[in-house]
Student: 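Before I ask anything, let me first share the structure, which is written out below as structure tokens.
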Amino acid sequence: MRWVRRVGTTLGVLLVGLGLPYLVLQGYTHTMTSEYFQVNYLDVEGLEYLEERVLLEAAERIAGENILNIDPRRLESTMRGLPFVRSVTVERRLPDRLRIAIEEHRPAAIIVDEGLWLADESGEVFLAMDSAQALKGLWNLPLVTGVTRGELASESGRERLLEALSVWDLYHAMGMEKQQRLSELHLDAGLGLSFVTEETGTEIRLGWGRWEERLHRLNVVQRSLIRRGMDAEYVLVDQERDLNRVTVGPRAEPWMRNEAGPAEVP
């Protein structure tokens, strides 16, 4: 009878040894093919500029896929190549949901350099601009000339741009756009920062530094020009020392340009 028990024990061990892998395989196969784990929902967060349609087109091949087959890191790598995407995080939410959290570049300026390019709030150029993006209201951003994408690849170039944009914001915060709306911001290594007005194309040269003082003085000059009914071709508030001296170039008719000269506003 002992040999019968030994045979029974051996058969039991063999059955367990063969049965467990089979059960594991069956369980794995069922899990990987079950509709319960198919991706049915995408929770998307953080979209403002990127069109949801573009994101869904990039992710459409995962619809109906088993959620355990999806590699979040690979999907993140794909989505980082989409317009406006600065960073992206993809998480599985079992049994059938993916969470996609997008951090976008926030456009701050349009850079003119062999075409039009968007720069974000850190000064990084991240996207070529096309006419379709006008629908997003991006054409209201400051138009920046005099700086190249190569210059903005350096930290010093980005810092210079961000400082100029802060002056643009200060101009508006002071309500000065009610007198003269701006259309362009120009940077020059020698002359510094200049604005160009929208209606008259007046160049406002501010130089560099002491921004609040320069803008307060410009504000006084603009009010004086409006009161006198004068149209200026340029206004120079770029003195290094005496900001009380502002040079104004009156706009003259073409036949009078040789006779008209600049005037200083004390």
Side-chain angles (χ1 to χ4, degrees), residues 45-50 54-55 58 73 75-90 100-130 133-134 136-174 176-177 182-198 203-218 236-241 243:
E45 302 173 6
L47 292 189
E48 182 176 352
Y49 296 99
L50 176 64
V54 175
L55 179 67
R73 305 291 84 82
L75 191 55
E76 289 170 0
S77 179
T78 298
M79 292 184 174
R80 274 194 293 269
L82 297 177
F84 294 99
V85 174
R86 185 184 187 93
S87 66
V88 57
T89 302
V90 177
I100 303 174
I102 302 288
E103 180 189 358
E104 294 184 322
H105 292 276
R106 298 194 62 80
I110 300 173
I111 309 300
V112 182
D113 178 31
E114 297 181 351
L116 301 178
W117 303 82
L118 289 174
D120 66 14
E121 293 177 323
S122 68
E124 178 184 349
V125 178
F126 66 93
L127 185 67
M129 192 173 183
D130 58 49
Q133 289 160 342
K136 300 177 182 293
L138 297 177
W139 293 107
N140 294 324
L141 294 173
L143 189 68
V144 180
T145 60
V147 63
T148 67
R149 286 173 288 154
E151 291 171 326
L152 294 177
S154 69
E155 184 176 354
S156 61
R158 292 191 295 273
E159 288 177 351
R160 190 160 62 105
L161 171 64
L162 293 180
E163 184 172 358
L165 291 175
S166 72
V167 182
W168 178 284
D169 290 340
L170 181 59
Y171 182 97
H172 290 79
M174 293 172 61
M176 296 175 65
E177 82 284 355
L182 302 178
S183 64
E184 180 184 332
L185 179 160
H186 183 79
L187 287 169
D188 185 277
L191 299 177
L193 168 63
S194 298
F195 291 150
V196 178
T197 64
E198 181 178 298
E203 178 189 0
I204 301 170
R205 192 180 303 167
L206 295 171
W208 206 255
R210 300 171 63 184
W211 300 121
E212 288 193 24
E213 294 179 66
R214 294 185 190 278
L215 290 181
H216 279 298
R217 185 57 180 150
L218 173 63
L236 308 183
V237 199
D238 58 350
Q239 296 286 337
E240 288 297 323
R241 296 182 180 178
L243 295 185

Student: Do E45 and I102 have side chains that get closer than 4.5 Å, going by heavy atoms?
Tutor: no
Student: Within the structure provided, determine whether L185 and L143 are in side-chain contact (heavy-atom separation under 4.5 Å).
Tutor: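 Sidechains of L143 and L185: no contact.
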Student: Going by heavy atoms in the side chains, are R86 and E124 under 4.5 Å from each other?
Tutor: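 The answer is yes; the side chains approach within 4.5 Å.
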Student: Which residue in the set N140, L118, T145 passes side chain to side chain contact (heavy atoms under 4.5 Å, CB included) when paired with I110?
Tutor: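 One option only clears the test, and that one is L118.
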Student: Quick one: list whatever passes side-chain hydrogen bond (donor to acceptor under 3.5 Å, both in side chains) with E121, sequence neighbours left out.
Tutor: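 In terms of side-chain hydrogen bond (donor to acceptor under 3.5 Å, both in side chains), with neighbours along the sequence ignored, E121 is linked to no residue.
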Student: Report yes if some heavy atom in the side chain of L193 is under 4.5 Å from a heavy atom in the side chain of W211; otherwise report no.
Tutor: yes
Student: To the nearest 0.5 angstrom, please state how far the CD atom of E213 sits from the CG atom of L243.
Tutor: 5.5 Å
Student: Using a cut-off of 6.0 Å, state whether more than 12 heavy atoms not belonging to E155 lie near its atom CD.
Tutor: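 No.
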Student: Surrounding CD of E114 (heavy atoms of other residues, nucleotides or ligands, distance under 6.0 Å), is the total greater than 12?
Tutor: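 Atom CD in E114 is not crowded, with 12 or fewer foreign heavy atoms closer than 6.0 Å.
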Student: Using the side-chain contact (heavy atoms from CB on, under 4.5 Å) criterion, which residues pair with S77? Sequence neighbours excluded.
Tutor: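 Applying side-chain contact (heavy atoms from CB on, under 4.5 Å) to S77 gives R80.
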Student: Check step by step if salt bridge (Lys or Arg N to Asp or Glu O under 4.0 Å) holds for E48 and R106.
Tutor: CA-CA 9 Å; E48 182 176 352; R106 298 194 62 80; 2.8 Å; yes
Student: Apply side chain to side chain contact (heavy atoms under 4.5 Å, CB included) to W139 and L116, showing your working.
Tutor: CA-CA 11 Å; W139 293 107; L116 301 178; 3.4 Å; yes
Student: Is the distance between the ring centroids of H105 and F126 less than 6.0 Å?
Tutor: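 So the answer is yes for these two rings.
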Student: Hey, could you give me the OG1/CG distance between T78 and L55, rounded to the nearest 0.5 Å?
Tutor: 11.0 Å
Student: Would R149 and D113 count as a salt bridge (Lys or Arg N to Asp or Glu O under 4.0 Å) if you check the C-alpha gap in whole Å, the side-chain angles of each, and the deciding distance to 0.1 Å?
Tutor: CA-CA 7 Å; R149 286 173 288 154; D113 178 31; 3.3 Å; yes
Student: Looking at L162 and G123, what are the two nearest heavy atoms and their distance?
Tutor: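 Distance-wise, the nearest heavy atoms are CD2-N, 3.7 Å.
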Student: If we count only N and O atoms by modelled type, under 3.5 Å, do the side chains of E76 and T89 hold a donor and an acceptor together?
Tutor: no
Student: Working note: L218 + M176, criterion side chain to side chain contact (heavy atoms under 4.5 Å, CB included); need CA distance, chi angles, decisive distance, verdict.
Tutor: CA-CA 9 Å; L218 173 63; M176 296 175 65; 3.7 Å; yes
Student: Measure across P107 and F84 and return the closest heavy-atom pair with its distance rounded to 0.1 Å.
Tutor: CG-CE2, 3.8 Å
Student: Is there side-chain contact between L161 and I111, with heavy atoms separated by less than 4.5 Å?
Tutor: yes
Student: Starting from the C-alpha separation in whole Å, work towards a yes-or-no answer on salt bridge (Lys or Arg N to Asp or Glu O under 4.0 Å) for E163 and R160.
Tutor: CA-CA 5 Å; E163 184 172 358; R160 190 160 62 105; over 6 Å; no
Student: Quick check on side chain to side chain contact (heavy atoms under 4.5 Å, CB included): which of L215, L236, D238, T197 does I204 satisfy it with?
Tutor: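 Single pass found, and it is T197.
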Student: Apply salt bridge (Lys or Arg N to Asp or Glu O under 4.0 Å) to residues E203 and R205 and explain how you reach the verdict.
Tutor: CA-CA 6 Å; E203 178 189 0; R205 192 180 303 167; 3.4 Å; yes
Student: Any sub-3.5 Å donor-acceptor pair from R158's side-chain atoms to E151's backbone N or O?
Tutor: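 Side chain of R158 to backbone of E151: no pair is present.
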Student: What I'd like to find out is whether the side chain of L182 reaches to under 4.5 Å of the side chain of P142, using heavy atoms alone.
Tutor: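 In short, these two side chains do not touch, never coming nearer than 4.5 Å.
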Student: What are the two closest heavy atoms between G157 and L152, and how far apart are they?
Tutor: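 Minimum heavy-atom contact is O-CD2, 3.5 Å.
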Student: L138 versus Y49: any side-chain heavy-atom pair under 4.5 Å?
Tutor: yes
Student: Taking side chain as C-beta onward, heavy atoms only, is M79 less than 4.5 Å from I100?
Tutor: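 Answer yes - side chains close enough.
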Student: How long is the gap from CH2 on W208 to CG on D188, to the nearest 0.5 Å?
Tutor: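 So the gap between those two atoms works out to 10.5 Å.
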Student: May I ask you to decide if the ring planes of F195 and Y171 are parallel, tilted or perpendicular, using 30° and 60° as cut-offs?
Tutor: perpendicular
Student: Among side-chain atoms of E198 and S183, is any donor-acceptor pair under 3.5 angstrom?
Tutor: no
Student: Specify the closest pair of heavy atoms between L50 and E104, including all atoms of both residues, with the distance to one decimal.
Tutor: N-OE2, 2.8 Å
